[in-house]
Undergrad: 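One structure, pasted below without further comment.
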Amino acid sequence: MKFNMMFNCDKARHTCDKAQYNEASLWEGIMLNVHTIFCRFCRKHSARNSKLTQTIKDSQIKTLSPEQKNVIKEQLRQEMPQ
Amino acid sequence: MSTHTLHPETWVDRYSDYLYNYTIVRVNDHIVAQDLISETFLAGLKSKKNFKGNASERTWLIAILKRKIIDHYRKKNSKKGQAEVHINYSDDDMEGDWLEERVQDPFDKNAEDELENNELGLAILECLDTLDERHAAIFKMKTIDNFDTEAICNEFNITPSNLWVIIHRARKAMANCLEKNWL
């Protein structure tokens, strides 16, 4: 019981966020999986969080690099009335 | 009733990614897309006086961008001959399974999937726009641009635990927004 209490829902949510960016350690991953077996809310949250990650991955969203943005900003700045 | 105002100094940070995703599927060339976006911003700046405030800034910029994309294709097509593509379907020296290679792959991504992906990308960026500006920037750097935690912490001068709290809140808001607008 103590084992399960140590890894509370707050910790589970934090680990789940980290896991979306592959930054959770193996031990944290195991603890999260054990926790989600018992906790319905965290199980739901985990599934939703993973779905968001997959959705963003599927969208193949592209962004301009900061350098490219700076170039456009500079062009715009020159045209702006002082 | 005019409720919207223009803030050209924030355009690049707020809308350049949205406009870029809108453009890239239509022109399929990174350099051209970038040029069209900067032309759009400049044109927006010049015709700032004509903005009536009925539409949002982004809608107004997209309207300008659409014209720019059409102009781009007009210009391109006026250079005669460039748009022609020649494909030889039956060469004498063609050997092997060339016919099989041309058969459509049903498991391949088709144009419809691509279009849906693009719309999803725009929906994600629209949702990002509803977030707090700083949270949105941090979420975008972490999730879309795949920056390191450390790099983002240095850039925004925050601690890793601050970052994870922001990421958690942003993810929650994004999930809510996308469930409402997309799924």
Side-chain angles (χ1 to χ4, degrees), chain A residues 7-25 27-29 31-32 35-36 39-82, chain B residues 8-9 11-13 16-21 23-25 30 33-35 37-42 44-46 48 113-114 116-125 128 139-149 155 160-161 163-165 167-168 170-172 174-176 178-179 182-183:
Chain A
F7 200 84
N8 57 24
C9 291
D10 278 342
K11 185 99 174 66
R13 276 197 286 268
H14 177 52
T15 305
C16 181
D17 285 335
K18 274 166 70 175
Q20 305 308 316
Y21 302 96
N22 295 327
E23 286 184 34
S25 65
W27 179 242
E28 283 175 323
M31 294 288 269
L32 174 66
H35 182 88
T36 50
C39 179
R40 194 160 59 92
F41 291 104
C42 288
R43 193 161 57 233
K44 229 173 159 180
H45 174 262
S46 238
R48 202 165 170 241
N49 219 359
S50 308
K51 197 173 172 187
L52 177 68
T53 305
Q54 193 56 43
T55 308
I56 292 173
K57 209 173 146 197
D58 286 346
S59 75
Q60 294 168 2
I61 210 163
K62 295 173 194 80
T63 52
L64 287 168
S65 71
E67 293 82 33
Q68 289 160 340
K69 282 184 187 173
N70 283 338
V71 171
I72 303 176
K73 267 185 198 169
E74 187 53 35
Q75 286 174 341
L76 209 55
R77 204 183 56 79
Q78 283 172 3
E79 293 294 320
M80 260 187 234
Q82 297 302 314
Chain B
E9 61 285 352
W11 281 354
V12 179
D13 288 326
S16 59
D17 287 331
Y18 187 90
L19 298 188
Y20 180 68
N21 277 273
T23 319
I24 196 73
V25 282
H30 170 73
Q34 205 184 328
D35 286 347
I37 292 165
S38 62
E39 274 175 35
T40 302
F41 285 142
L42 292 174
L45 199 63
K46 265 184 204 150
K48 208 177 149 192
D113 289 332
E114 292 287 330
E116 195 174 309
N117 280 344
N118 182 248
E119 279 174 11
L120 175 59
L122 296 180
I124 290 170
L125 289 170
L128 262 178
F139 179 80
K140 201 194 274 179
M141 272 179 97
K142 182 85 184 133
T143 316
I144 301 169
D145 300 331
N146 296 320
F147 272 87
D148 281 341
T149 304
E155 171 107 19
S161 52
L163 175 105
W164 286 113
V165 170
I167 291 285
H168 181 73
R171 290 190 75 89
K172 218 169 155 186
M174 285 299 287
N176 281 338
L178 282 172
E179 273 169 4
W182 182 258
L183 299 171

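Letters go in sequence order (proteins before strands), and every chain restarts at 1.
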Undergrad: Drop me the distance from B/Ile144's CD1 to A/Thr63's OG1, to the nearest 0.5 angstrom.
TA: 7.0 Å

Undergrad: Answer with side chain, backbone, both or neither: which region of B/Ile37 has an atom nearer than 4.5 Å to a non-hydrogen atom of chain A?
TA: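 Answer is side chain: those atoms of B/Ile37 sit under 4.5 Å from chain A.
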
Undergrad: For B/Phe41 and A/Ile72, work out which heavy atoms get closest and say how close.
TA: CD1-CG2, 3.6 Å

Undergrad: When you measure from the side chain of B/Arg171 to the backbone of A/Asn49, do you find a donor-acceptor pair of N or O atoms at a distance under 3.5 Å?
TA: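 The answer is yes, because a donor-acceptor pair under 3.5 Å joins these two groups.
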
Undergrad: How long is the gap from CG on A/Asp17 to NZ on B/Lys172, to the nearest 0.5 Å?
TA: 10.5 Å

Undergrad: So which residue, B/Val165, B/Asp17, B/Leu42, ends up with the most heavy-atom pairs under 4.5 Å with chain A?
TA: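 The option with the most such pairs is B/Asp17.
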
Undergrad: So what's closer than 4.5 Å to chain A heavy atoms on B/Asn176: side chain, backbone, both or neither?
TA: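 For B/Asn176, heavy atoms of backbone and side chain both lie under 4.5 Å from chain A.
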
Undergrad: Heavy atoms only: give me the nearest A/Gln75-B/Ser38 pair and the separation to one decimal.
TA: OE1-CB, 3.0 Å

Undergrad: Identify the heavy atoms of A/Ile61 and B/Gly121 that sit nearest to each other, and give their distance.
TA: CD1-O, 3.3 Å

Undergrad: So which part of A/Lys57 gets closer than 4.5 Å to some heavy atom of chain B, the side chain, the backbone, both or neither?
TA: neither

Undergrad: Quick one, B/Thr149 and A/Tyr21 - any side-chain contact, counting heavy atoms below 4.5 Å?
TA: no

Undergrad: Minimum heavy-atom separation for A/Ser59 to B/Ile124, with atom names?
TA: OG-CD1, 3.6 Å

Undergrad: Going by an N to O cut-off under 4.0 Å, is there a salt bridge joining A/Arg77 and B/Glu9?
TA: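 Here A/Arg77 does not pair with B/Glu9 in a salt bridge, since their nearest N and O are not under 4.0 Å apart.
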
Undergrad: Check this for me: does any side-chain nitrogen of one of A/Glu23 and B/Lys142 sit under 4.0 Å from a carboxylate oxygen of the other?
TA: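 Yes, this pair counts.
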
Undergrad: Compare every heavy atom of B/Leu45 with every heavy atom of A/Leu76, then report the nearest pair and how far apart it is.
TA: O-CD2, 3.8 Å

Undergrad: Given a strict heavy-atom distance threshold of 4.5 Å, which part of A/Ser65 is in contact with chain B: side chain, backbone, both, or neither?
TA: neither

Undergrad: Can you name the closest pair of heavy atoms from A/Leu64 and B/Gln34 and give their distance?
TA: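 The answer is CD2-CG, 4.3 Å.
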
Undergrad: Is there a side-chain contact between A/Lys73 and B/Asp13, using heavy atoms and a 4.5 Å cut-off?
TA: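 Of all side-chain heavy-atom pairs linking B/Asp13 with A/Lys73, at least one is under 4.5 Å.
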
Undergrad: Under 4.5 Å, counting heavy-atom pairs only, tell me which of B/Lys46, B/His168, B/His30 racks up the most with chain A.
TA: B/His168

Undergrad: Anything in residues 39-47 of chain A with a heavy-atom distance to chain B below 4.5 Å? Please list those residues in order.
TA: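 Expected list: A/His45.
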
Undergrad: Within the 4.5 Å heavy-atom criterion, are B/Phe139 and A/Ile56 side-chain neighbours or not?
TA: yes

Undergrad: Just wondering, are more than 12 heavy atoms of other shown residues or ligands nearer than 6.0 Å to NZ in A/Lys18?
TA: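 Count over threshold, so yes.
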
